[in-house]
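Quick note on labels: first sequence line is chain A, next is B, and so on, each numbered from 1.
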There are 2 protein chains.
Amino acid sequence: MPVPRDAASRRSGIPDATVARLPIYLRVLGAFAESGLPTVSSEGLAAAAGVGSAKLRKDLSHLGSYGTRGVGYDVEYLVYQISRALGLTQHYPVAIIGVGNLGHALANYAGFGTRGFQIAALVDADPRRAGEVIAGIEIRHLDELETIIKEHEISIGVIATPAAAAQDVCDRLVACGVTSVLNFAPTVLAVPESVDVRKVDLSIELQILAFHEQRKSAGLHGEPGVAVPDVVRTSVASA
Amino acid sequence: MPVPRDAASRRSGIPDATVARLPIYLRVLGAFAESGLPTVSSEGLAAAAGVGSAKLRKDLSHLGSYGTRGVGYDVEYLVYQISRALGLTQHYPVAIIGVGNLGHALANYAGFGTRGFQIAALVDADPRRAGEVIAGIEIRHLDELETIIKEHEISIGVIATPAAAAQDVCDRLVACGVTSVLNFAPTVLAVPESVDVRKVDLSIELQILAFHEQRKSAGLHGEPGVAVPDVVRTSVASA
DNA sequence: CGTCGCTTGTGAACAGGTGCACAAAGCGCT
DNA sequence: AGCGCTTTGTGCACCTGTTCACAAGCGACG
Ligand SMILES: NC(=O)c1ccc[n+]([C@@H]2O[C@H](COP(=O)([O-])OP(=O)(O)OC[C@H]3O[C@@H](n4cnc5c(N)ncnc54)[C@H](O)[C@@H]3O)[C@@H](O)[C@H]2O)c1
Ligand SMILES: NC(=O)c1ccc[n+]([C@@H]2O[C@H](COP(=O)([O-])OP(=O)(O)OC[C@H]3O[C@@H](n4cnc5c(N)ncnc54)[C@H](O)[C@@H]3O)[C@@H](O)[C@H]2O)c1
């Protein structure tokens with residue numbers, strides 16, 4: 001029985017690009033709701049979210065036909081529908097592994113819990129850190145990792161360890177049932193296909209910005225649109 | 001004079017998707033270089049970077065025809081070429097605005113300076129923070145923002161203030177010449193077209209993971225690929 | 001020097017995502 | 001009820017990016 005639906009539909013019914021934007025809409029809608037606005041047009045919402053209105057309408061159309069022609073979308077109802085589509089009607093406990101500089105900031109981050117996420121565990125390899133309490137959560141030692149993950153039925157792990165430890169930690173998380181990982185360490189993690197990994201990488205972001213900076217300054221004293229000037233293959237190591 | 005080159009070429013010669021991956025290749029190549037490996041095949045490099053080998057070859061082909069058929073790519077030379085393409089032969093001073101939990105972590109982050117970036121200034125609105133020294137840099141008060149940016153000729157700004165202050169800070173940065181912004185605050189920033197903004201948003205990442213989590217657990221006790229069940233439009237506010 | 005095996009670079013097909021433009025649909029006003 | 005104004009939802013064309021598959025190129029080896 002061939003089911004030649006397109007790949008996006010086969011997986012979830014909602015395209016990845018849309019899923020990545022839904023949280024932005026959700027946040028903007030939250031602000032609208034607080035200011036008491038009952039409805040928004042696609043135009044208004046799109047402007048606030050920094051996207052085109054057609055794209056926004058197409059995104060929302062994947063969730064269903066909410067919205068009233070001639071009027072717009074009911075803010076509260078749309079918040080509910082997007083939340084439901086994203087799976088935010090459930091609460092997800094998360095564990096943070098590696099409570100150094102970054103891990104501390106994450107643990108203290110208030111915006112964490114606002115949308116259905118709750119820090120259930122903090123884990124670090126350094127025995128001196130064990131026992132320290134941050135934001136009401138006690139740091140536990142790495143030895144207890146498996147116990148803690150299973151005890152709290154954690155399915156989302158946040159890795160904030162040094163790069164060298166990340167793959168190891170990730171393997172252990174996956175082994176005890178974690179199926180989603182948010183990785184702050186600058187490494188490519190290898191995981192089974194059934195596990196989702198997203199990465200947040202500061203230095204990659206900066207390097208992308210640097211690329212565009214270079215483009216801009218090159219344009220100032222040269223032809224716009226010229227290719228990168230080629231260099232003779234000499235003195236490689238000197239640069 | 002019509003110049004119907006494709007849009008990617010018109011902008012820079014290198015597609016955006018490729019630019020976003022080059023830093024990953026660069027990091028992996030760095031590891032290879034340290035372990036003394038003289039050359040890599042596209043297969044080997046692709047595996048370490050977590051991409052397909054064809055994609056990697058196409059990416060590299062946008063920089064030029066480095067690489068030797070039957071052999072692979074010279075690791076050191078490729079590092080140099082990618083660095084050059086990304087504009088990392090120059091050094092970029094960056095400013096961090098907002099030195100709270102997150103700002104402190106960023107300022108202490110060693111991996112920052114490793115690839116041509118250097119923290120040139122720390123700025124915070126809280127007068128009690130002014131004078132504090134982190135990683136050898138003194139925190140300055142927000143009032144001095146314009147002076148500092150111009151003094152150091154900073155073109156890349158990192159915003160780590162609360163969301164409410166982000167747009168304001170961004171406007172001021174742009175006004176004194178900053179052309180690239182890395183935004184950690186959960187807000188959509190409005191900027192002129194000539195300015196690049198990239199955002200790092202923890203809660204968006206988590207929400208995307210939550211979406212996939214939901215998909216997985218739905219699959220366990222239902223049909224895979226079913227659409228989201230529709231709900232009657234009642235009791236909107238109750239959820 | 002010719003041949004063989006390996007790996008690059010790329011044309012071409014494909015897939016996913018975007019933006020335009022408009023018909024369909026609801027609302028309010030007369 | 002009818003009309004006109006507004007805004008949604010979507011078909012369609014376009015464009016960017018991915019994947020496949022293979023000819024061309026290079027080194028090694030006999
Ligand atoms: N600090 C930043 O702003 C920043 C920015 C981007 C990326 N990162 C990355 O985030 C990671 C953490 O950065 P940081 O500045 O917090 O470093 P850090 O050295 O301050 O903290 C690392 C923590 O991880 C713990 N740890 C080490 N091995 C562990 C293991 N196997 N299991 C559990 N915990 C372990 C250490 O005890 C330490 O507390 C690094 O990979 C870094 O590259 C940091
Ligand atoms: N802490 C995290 O892990 C984390 C994660 C993701 C996103 N964020 C976001 O990053 C931002 C900072 O988070 P944080 O935890 O460091 O908050 P924080 O409250 O600890 O720090 C904010 C700092 O910004 C300063 N500030 C306020 N207004 C300012 C202004 N107009 N100009 C300059 N400085 C100003 C404050 O004095 C304070 O030092 C927030 O927008 C937060 O939502 C934080």
Derivation of the side chain to side chain contact (heavy atoms under 4.5 Å, CB included) call for L173(A) and I154(A): CA-CA 9 Å; L173(A) 289 174; I154(A) 289 170; over 6 Å; no

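- Counting only heavy atoms from C-beta outward, the side chains of Y73(A) and L60(A) approach each other to under 4.5 Å.
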All N/O pairs under 3.5 Å across the protein-nucleotides 11-14 of chain C interface:
unit_1, atom_1, unit_2, atom_2, d
dG11(C), O6, K58(B), NZ, 3.2
dA12(C), N6, K58(B), NZ, 3.0

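- Atom-to-atom, CG of L78(B) to P of dT8(C) comes out at 11 Å; the value is rounded to the nearest Å.
- Counting any heavy atom pair closer than 4.0 Å across all strands shown, G72(B) reaches sugar-phosphate atoms only and no base atom.
- Atom pair D59(A):CG and dG17(C):P shows a separation of 10 Å (rounding to whole Å applied).
- The phosphate of dT7(C) (OP1 or OP2) has no side-chain N or O of S41(B) nearer than 4.0 angstrom.
- Listed pair Y66(B) / dT7(C) fails the phosphate criterion, with no side-chain N or O lying under 4.0 Å from OP1 or OP2.
- R57(B) places its CZ atom 12 Å from the P atom of dT19(D), with the value rounded to the nearest Å.
- Counting all heavy atoms, side chain and backbone alike, L45(A) lies closest to Y25(A) at CD1-O, 4.5 Å.
- Within the structure, a side-chain polar atom (N or O) of S65(A) is placed less than 4.0 Å from OP1 or OP2 of dG9(D).
- At a threshold of 4.5 Å between non-hydrogen side-chain atoms, the residues L202(B) and F184(A) count as touching.
- Regarding D74(B), its CG atom lies at a distance of 16 Å from the P atom of dT7(C), rounded to whole Å.
- Closest approach of Q167(B) and L189(B) over heavy atoms only: OE1-CA, 3.5 Å.
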Might you list the N or O atoms of the protein lying below 3.5 Å from N or O atoms in nucleotides 24-30 of chain C, with each pair's distance?
unit_1, atom_1, unit_2, atom_2, d
dA24(C), N3, R69(A), NH1, 2.7
dA25(C), O4', R69(A), NE, 3.4

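- Per the geometry, NZ belonging to K55(A) stands 13 Å off P belonging to dT16(D), to the nearest Å.
- Protein atom CD1 of I14(A) is 16 Å distant from nucleotide atom P of dG16(C), rounded to whole Å.
- Per the geometry, CG belonging to L56(A) stands 14 Å off P belonging to dT7(D), to the nearest Å.
- The distance between atom CG of L45(B) and atom C1' of dT7(C), rounded to the nearest whole Å, is 13 Å.
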